[in-house]
Amino acid sequence: MFHKILIANRGEIACRVIDTARRLGIRTVAVWSDADRAARHVAMADEAVHIGGPAPRDSYLRGDAIIRAARETGAQAIHPGYGFLSENPDFVDAVTEAGLTFIGPSAMAIRRMGLKDAAKALMEKAGVPVVPGYHGENQDPAHLAAQADTIGYPVLIKAVAGGGGKGMRLVERPADFAPALDSAQGEAATAFGNPAVLIEKYIQQPRHIEVQVFGDGTRAVHLFERDCSLQRRHQKVIEEAPAPGMTDEMRAAMGAAATRAAEAIGYAGAGTVEFIVDGADGLRPDGFWFMEMNTRLQVEHPVTELITGIDLVEWQLRVASGEGLPATQDQLSISGHAFEARLYAEDVAAGFLPATGTLAHLRFPDHARIETGVRPGDTISPWYDPMIAKVVTHGATRAIALRALETALADTEVAGAVTNLDFLIALTRHAGFARGEVDTGLIGRDLDALSLAAEPDPACRALAVLGLAGLQDPTVRGGITLWQPLRRTIAWQGGEAVIEVFGPGRARVTLGDATHEIAHEGGRWWVDDRPRNWRIVNHAAGTSVFGGRSLTLTPLDPLARGGAEAGGGLTLSPMPGLVKAVFVVPGQEVTAGDRLAVLEAMKMEHTLTAARDGRVAEVLAGPGDQVEAGAPLIRLEEEDD
Ligand code: ADP
Ligand code: ADP
Ligand code: MG
């Protein structure tokens with residue numbers, strides 16, 4: 001076994017790897033960028049090496065600097081985590097040439113699965129069912145359109161080099177094919193430097209079911225399936241294992257196909273074979289098709305660990321250090337059910353727009369497994385994935401594990417950045433999801449209801465108003481009231497209320513037309529005559545109320561700049577990022593909704609549109625510019641100019 005390893009990653013996955021290494025008595029070396037000087041993974045590791053600037057290409061993607069750090073610290077092996085260099089075969093070659101061990105598959109295995117078209121061709125040969133479609137070399141638009149006709153609509157266009165849901169377009173009718181192809185190729189060229197696409201039959205009511213595999217370079221076993229059908233923008237939100245409705249017969253067929261795929265490429269280490277499943281009429285052994293293989297540890301690996309009792313990082317370290325597979329297929333079994341929810345800094349209402357912020361308050365329950373790379377006071381920066389944590393639960397049955405997830409999320413407290421927490425809680429209460437009726441369209445279909453269910457509760461807001469006024473402490477020793485009779489108006493960003501305090505633990509908060517009676521009795525808050533398990537927390541970013549529903553009020557900041565100032569005539573950057581494209585020039589007439597510019601931040605492209613009709617007065621940023629949140633980008637002429 002290794003005595004020291006370097007982790008070429010950051011965030012929760014770096015922390016996750018360090019946890020297991022420590023348990024096995026292995027020393028750890030972290031690497032950090034300028035943005036991560038004070039990060040949790042750096043604090044947890046035995047040693048840490050600075051590798052460059054905050055942009056990934058200046059640090060976490062710099063294979064040379066990472067290999068140098070490993071050699072200088074005497075690390076014997078490199079764990080790549082996921083993302084960054086984890087699926088980069090040139091990096092694997094460089095690691096090996098430096099006399100170090102790459103904790104993962106061979107460069108050859110990664111290359112053979114790296115492009116979706118080549119992988120599909122290879123899998124077809126190995127007898128693994130693949131999604132019907134065209135994955136040939138001819139990229140001529142007319143040829144591709146003819147292939148789409150043959151496949152039959154609807155079809156999905158996918159970037160062969162794709163990942164993270166990028167470069168993918170659903171096309172419902174032949175008339176839409178040409179423009180969709182154009183935009184998919186454009187996005188693929190920018191994101192992956194490779195415009196090639198493949199065309200697939202779009203599976204109706206699709207379910208995403210993937211199989212965890214583990215190989216030693218020759219043989220492979222599988223550790224059963226995960227269902228990752230709850231997705232937004234083709235990205236996973238909640239994952240679970242095992243898959244609802246899975247039959248022994250189908251599990252055996254999928255497991256055999258996945259191990260066949262791994263063995264076909266001489267796979268070593270942890271990998272995931274992703275299948276798309278037609279969920280239209282139940283799971284059938286002939287109703288699953290290979291989509292792609294992820295040649296690394298997957299984000300959602302903890303659900304597999306909880307149902308199998310196996311530490312996949314331990315297996316990775318053991319196999320990479322030369323041990324054989326730690327278990328045979330018949331030694332593996334499933335116990336209970338597990339869920340994982342991905343807590344992100346993102347604005348659900350704004351189309352899941354990634355957010356930034358400083359986590360003024362952060363507290364996790366101790367009744368769930370939490371994987372996180374941040375601590376209270378840390379910043380969610382624009383440089384990396386805006387994930388705050390993964391909340392993972394296990395139970396004897398699916399229903400128990402799901403209730404455990406709901407309560408774990410309800411007991412999670414975070415303030416300082418907008419998050420998808422309430423949306424996740426709403427999902428755990430979704431009736432169809434509870435029945436196990438999952439497909440990749442669920443979130444999209446019920447988005448309004450799920451977002452509405454996450455709307456702040458006015459009673460919760462009324463309580464937060466008390467905290468903002470500094471009245472959150474109802475009693476001091478022996479029940480002597482701190483509250484002085486008073487009446488005052490208090491304002492915060494986005495609202496104001498009138499507070500009336502009547503004496504021992506009693507107040508009334510008027511918010512618009514609504515009046516809420518608040519009392520503190522028997523050690524808890526009562527709002528409108530109902531006892532509430534709510535907690536008021538004051539922190540650097542304002543006041544939050546937690547307990548099932550959370551809500552944060554931010555005090556008025558006279559320096560804060562409003563995004564909608566100048567009557568919508570000024571388009572500001574909603575977040576720090578890189579300007580990818582500007583579509584307008586001074587003097588050009590635009591109509592409300594027209595595309596003005598594209599901003600890339602947190603690995604996503606955001607299109608900024610005109611808030612009103614008008615004529616462009618000034619273009620204040622150009623392609624390639626790095627801009628701060630709130631930076632003016634495009635100004636329209638005043639309406640009466
Ligand atoms: P999973 O199937 O485990 O959700 P994805 O392939 O969507 O995995 O992404 C896993 C991780 O890889 C992401 O969290 C992100 O850090 C990284 N990643 C995925 N796609 C990209 C991309 N296009 N550019 C950069 N990083 C990516
Ligand atoms: P990525 O590399 O971006 O992860 P995938 O090929 O794994 O791309 O597809 C991502 C998601 O897109 C899947 O989880 C699924 O929700 C959806 N998807 C992919 N292929 C199909 C298909 N043929 N039919 C329907 N949905 C699909
Ligand atoms: Mg995928």
Side-chain angles (χ1 to χ4, degrees), residues 82-83 86-88 110 113-124 128-135 144 147-148 150-172 180 184 187-188 190-192 194 196-213 225-240 243 254 258 261 270-280 287-301 340 342 352 385 438-445 447 603-605:
Y82 55 73
S86 61
E87 295 180 272
N88 182 326
I110 297 177
M113 286 296 181
L115 296 179
K116 291 186 206 284
D117 53 348
K120 283 182 75 176
L122 185 80
M123 289 300 100
E124 242 174 351
V128 176
V130 305
V131 187
Y134 175 75
H135 45 264
L144 292 174
Q147 290 296 328
T150 312
I151 296 162
Y153 283 84
V155 298
L156 199 60
I157 304 175
K158 276 188 193 178
V160 302
K166 273 198 179 179
M168 200 157 10
R169 295 289 182 280
L170 168 62
V171 194
E172 315 252 16
E187 190 170 306
T190 342
F192 313 110
N194 179 352
V197 297
L198 57 80
I199 318 286
E200 264 178 15
K201 175 92 195 142
Y202 182 75
I203 307 296
Q204 305 281 354
Q205 232 178 294
R207 284 177 63 176
H208 173 122
I209 301 182
E210 57 186 34
V211 177
Q212 174 72 52
V213 292
E225 79 282 357
R226 294 183 285 258
D227 192 309
C228 313
S229 300
L230 285 201
Q231 304 184 346
R232 49 114 178 94
R233 284 195 278 100
H234 303 300
Q235 292 275 35
K236 301 159 187 169
V237 179
I238 292 184
E239 301 100 342
E240 60 179 304
M254 292 187 79
T272 295
V273 184
E274 295 190 334
F275 295 101
I276 190 97
V277 171
D278 185 352
F288 68 90
W289 300 275
F290 172 86
M291 268 195 305
E292 64 165 346
M293 178 165 182
N294 294 325
T295 51
R296 53 167 160 84
L297 191 66
Q298 193 96 331
V299 176
E300 57 274 20
H301 73 278
E340 171 185 281
R342 300 188 186 193
F352 300 96
D385 196 286
V438 292
D439 71 83
T440 64
L442 182 144
I443 288 180
R445 275 194 307 275
L447 189 58
K603 298 192 309 250
M604 281 181 48
E605 290 185 359

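Whatever order the structure lists them in is the order used to number ligands and atoms, beginning at 1. Residue numbers start at 1 and run along the sequence shown.
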- What atoms of ligand 2 come closer than 4.0 angstrom to any heavy atom of Gly165? 1 (P), 3 (O)
- For ligand 2, which atoms have a heavy atom of Glu292 less than 4.0 angstrom away? 1 (P), 2 (O), 4 (O), 5 (P), 7 (O), 8 (O)
- Query: Does Gly164 reach ligand 2 with a nitrogen or oxygen that is under 3.5 Å from one of the ligand's nitrogen or oxygen atoms?
  - Reply: yes
- Task: Answer yes or no: does an N/O atom from Ile203 fall short of 3.5 Å to an N/O atom of ligand 2?
- Result: yes
- Task: For residues Asp117 and His135, report the shortest heavy-atom separation together with the two atoms involved.
- Result: CB-O, 3.6 Å
- Message: Contact between Phe290 and Val130 at the side-chain level, heavy atoms closer than 4.5 Å - yes or no?
- Response: yes
- Considering the heavy atoms of Val131, write down every atom of ligand 2 situated less than 4.0 Å from one of them. 23 (N)
- Query: In terms of atom number and element, which parts of ligand 2 are under 4.0 angstrom from non-hydrogen atoms of Gly162?
  - Reply: 2 (O)
- Task: Not counting sequence neighbours, which residues clear side-chain contact (heavy atoms from CB on, under 4.5 Å) with Ala243? List them please.
- Result: Arg207, Ile209, Glu225, Asp227, Met246
- Query: If you count the atoms of ligand 2 from 1 in the order shown, which ones are under 4.0 Å from a heavy atom of His208?
  - Reply: 13 (C), 14 (O)
- Item | Nearest atoms (heavy-atom pairs only) where Gly163 meets Phe192 | N-CZ, 3.5 Å
- Is any N or O atom of Glu200, backbone or side chain, closer than 3.5 Å to an N or O atom of ligand 2? yes
- Taking Glu300 for the side chain and Glu240 for the main chain, is one N or O donor matched with an acceptor at less than 3.5 Å? no
- Message: Just so I know, are the side chains of Glu239 and Arg342 near enough to count as touching, which here means a heavy-atom distance under 4.5 Å?
- Response: yes
- Atoms of ligand 2, numbered as shown, that sit under 4.0 Å from any heavy atom of His234: 12 (O), 17 (C)
- Task: Just let me know how Thr440 lines up against ligand 2, side chain, backbone, both or neither, with a heavy-atom cut-off below 4.0 Å.
- Result: side chain
- Query: Does any N or O in the side chain of Lys120 come within less than 3.5 Å of the main-chain N or O of Val131, such that one atom is a donor and the other an acceptor?
  - Reply: yes
- Item | ligand 2 atoms in contact with Lys201 (distance to a heavy atom under 4.0 Å) | 22 (C), 23 (N), 24 (N)
- Message: So, 4.0 Å and heavy atoms of Gln204: is ligand 2 close enough to count as a contact?
- Response: no
- Going through the distances and angles, do Asp439 and Arg445 end up as a salt bridge (charged side-chain N to carboxylate O under 4.0 Å, His left out)? CA-CA 10 Å; Asp439 71 83; Arg445 275 194 307 275; 2.8 Å; yes
- Query: Residues two or more places apart in sequence or in another chain: which of them pass side-chain hydrogen bond (donor to acceptor under 3.5 Å, both in side chains) with Arg232?
  - Reply: Glu346
- Query: Taking side chain as C-beta onward, heavy atoms only, is Gln298 less than 4.5 Å from Lys236?
  - Reply: yes
- Query: Any nitrogen or oxygen of Pro206, main chain or side chain, under 3.5 Å from a nitrogen or oxygen of ligand 2?
  - Reply: no
- Message: Please name the atom of Glu274, limited to N, O or S, that comes nearest to the Mg ion (ligand 3).
- Response: OE1
- Query: Would you say the side-chain atoms of Ser229 pair up with the backbone N or O of Thr440, donor to acceptor, closer than 3.5 Å?
  - Reply: no
- Query: Does Gln231 approach ligand 2 within less than 4.0 angstrom via side chain, backbone, both or neither, non-hydrogen atoms only?
  - Reply: side chain
- Message: Measuring from atom 26 (N) of ligand 2, which candidate in Ile276, Thr272, Asp439, Val277 has the nearest non-hydrogen atom?
- Response: Ile276
- Could a heavy atom of Gln235 be found less than 4.0 Å from some atom of ligand 2? no
- Item | Main-chain N/O of Gly167 paired with Glu187 side-chain donor or acceptor, under 3.5 Å | yes
- For the Mg ion (ligand 3): the N/O/S atom of Glu292 at shortest distance: OE2
- Proximal atoms of ligand 2 relative to Lys158 (non-hydrogen, under 4.0 Å): 6 (O), 19 (C), 20 (N)
- Nearest candidate to atom 19 (C) of ligand 2, where distance is taken over non-hydrogen atoms, out of Met291, Lys166, Met293: Met291
